[in-house]
2 protein chains.
Amino acid sequence: MNQITRTAAAEKVMVIGGVAYTMANCPVRDVLDNIGGKWNTLIIQGLADGPVRFSALRRMIPDISQRMLTQTLRDLQRDGYLKRTVFPTQPPSVEYELTDLGQSFLAIVLPVVAWSTDNHERIRAARKVYDEGVL
Amino acid sequence: MNQITRTAAAEKVMVIGGVAYTMANCPVRDVLDNIGGKWNTLIIQGLADGPVRFSALRRMIPDISQRMLTQTLRDLQRDGYLKRTVFPTQPPSVEYELTDLGQSFLAIVLPVVAWSTDNHERIRAARKVYDEGVL
DNA sequence: CTGTATCCGGTCTGATACTG
DNA sequence: CAGTATCAGACCGGATACAG
């Protein structure tokens, strides 16, 4: 079970699987932030089939701004989900590729995606009922 | 695979599992928002063992403010993850309980939590390497 | 006990312009 | 091509006060 207690020093911690974490160093938060981020999972899935160049990712996800694509790629690289390779051509080209960790992450994300599509009818139905009841 | 294309009307859509969605009506977004939210998964896990009262949830998650607990419970109720029952006592008491959908959701969240704790060492290591390289 | 209402600062995101 | 810099609006989350 998941519960939260106070330490002797009155510091608030979460206890997950018998181990205590503060909000700032909670491993679940680190991962959940990446799952919940607006573009993270889309990019991870875009890299599922192998290395992809920056411009190719932009074409796969036209909604994303250049700024957000760069920033999200940096975040994912920082956490070790993907590797960035610069080819010294003119003009430069850059490839992004999932690491082993990234592929492992993809493997746990895919079930979530599947569950989402499987259950979105129920969610939308519940939402509609709720919204009508509130009116 | 997951890709994004433009329709004839130049509207941007995501194609997931062969079905097109706009950013606003994407089922994966609906679920990912609930996974990524700061308190959602904590509350879902808090309800794993059965109905829990509002005040009991507060004690389980001391970090959460009353405002956020109420709001997150509303969001989860709206999407059909949990059921709210008011007992007409004085003072009133309210119980929250996972629905079938909520339990199903919990079942897909738990692997993610497990993966997080299993891999957080690798993530922190990658992050440290990256941050030192950037210095 | 279980909420609602209000304010407010920080963060996230997008648009735009500029660069090696 | 693949970024970086800057700015502004939306949004999230917390603190506080109040209420049925």
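Below, read A as the first sequence line, B as the second, and so on, with proteins coming before strands; counting in each chain starts at 1. Only this structure's heavy atoms are used, side chains among them; waters, hydrogens and symmetry mates stay out.
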Could you tell me how the ring of Phe54(A) sits relative to the ring of Tyr96(A): parallel (under 30°), tilted (30 to 60°) or perpendicular (over 60°)?
tilted
How close or far is atom C1' of dT2(C) from atom CZ of Phe87(B), stated in whole angstroms?
14 Å
Does the plane of the ring in Phe105(A) sit parallel, tilted or perpendicular to the ring in Tyr81(A)? Use 30° and 60° as the thresholds.
tilted
From CD of Gln77(A) across to P of dA2(D) the rounded distance in Å is 15 Å
Chi angles and distances behind the salt bridge (Lys or Arg N to Asp or Glu O under 4.0 Å) call for Asp30(B), Arg124(A)
CA-CA 9 Å; Asp30(B) 287 338; Arg124(A) 293 208 177 274; 2.9 Å; yes
Quick one, Leu69(B) and Arg58(B) - any side-chain contact, counting heavy atoms below 4.5 Å?
yes
Nearest to the side chain of Lys38(B) - dA2(D), dG14(D), dC1(C)?
dG14(D)
Considering only nitrogen or oxygen atoms on both sides, find all protein atoms under 3.5 Å from nucleotides 3-5 of chain C and state each distance.
from   : atom 1 : to       : atom 2 : distance (Å)
dG3(C) : OP1    : Arg74(B) : NH2    : 3.3
dG3(C) : OP1    : Arg84(B) : NE     : 3.3
dG3(C) : OP1    : Arg84(B) : NH2    : 2.2
dG3(C) : OP2    : Tyr96(B) : OH     : 2.7
dG3(C) : N7     : Gln66(B) : OE1    : 3.0
dG3(C) : N7     : Gln66(B) : NE2    : 2.6
dG3(C) : O6     : Gln66(B) : OE1    : 3.0
dT4(C) : OP1    : Arg74(B) : NH2    : 3.4

Checking Asn34(B) against Asp79(B) for the side-chain hydrogen bond (donor to acceptor under 3.5 Å, both in side chains) test, could you report, in this order, the C-alpha distance in whole Å, the side-chain angles of both residues, the deciding distance, and whether it holds?
CA-CA 9 Å; Asn34(B) 278 326; Asp79(B) 281 8; 3.1 Å; yes
Whole-Å gap separating C1' (dA2(D)) and CD (Glu95(A))
14 Å
Considering only heavy atoms from C-beta outward, does the side chain of Met60(A) approach that of Val52(A) to under 4.5 Å?
yes
Give the rounded distance in Å between these two atoms: CG of Asp63(B) and P of dC12(D).
20 Å
Separation of atom CG in Leu69(B) from atom P in dC12(D), rounded to whole Å
17 Å
Between atom CD in Gln71(A) and atom C1' in dC12(C), what is the gap in whole Å?
8 Å
Distance, nearest 0.5 Å, that separates CD of Glu97(B) from CG of Leu47(B)
9.0 Å
Can a side chain N or O of Ser55(B) be found less than 4.0 Å away from OP1 or OP2 on dT2(C)?
yes
For Ile64(B) and dT16(D), what is the distance between atoms CD1 and P respectively, to the nearest whole Å?
17 Å
Can you work out whether Met68(A) or Gln90(A) has the more 5'-proximal nearest nucleotide on DNA chain C?
Met68(A)
Length of the line joining Leu57(A):CG and dG3(D):P, which is rounded to integer Å:
10 Å
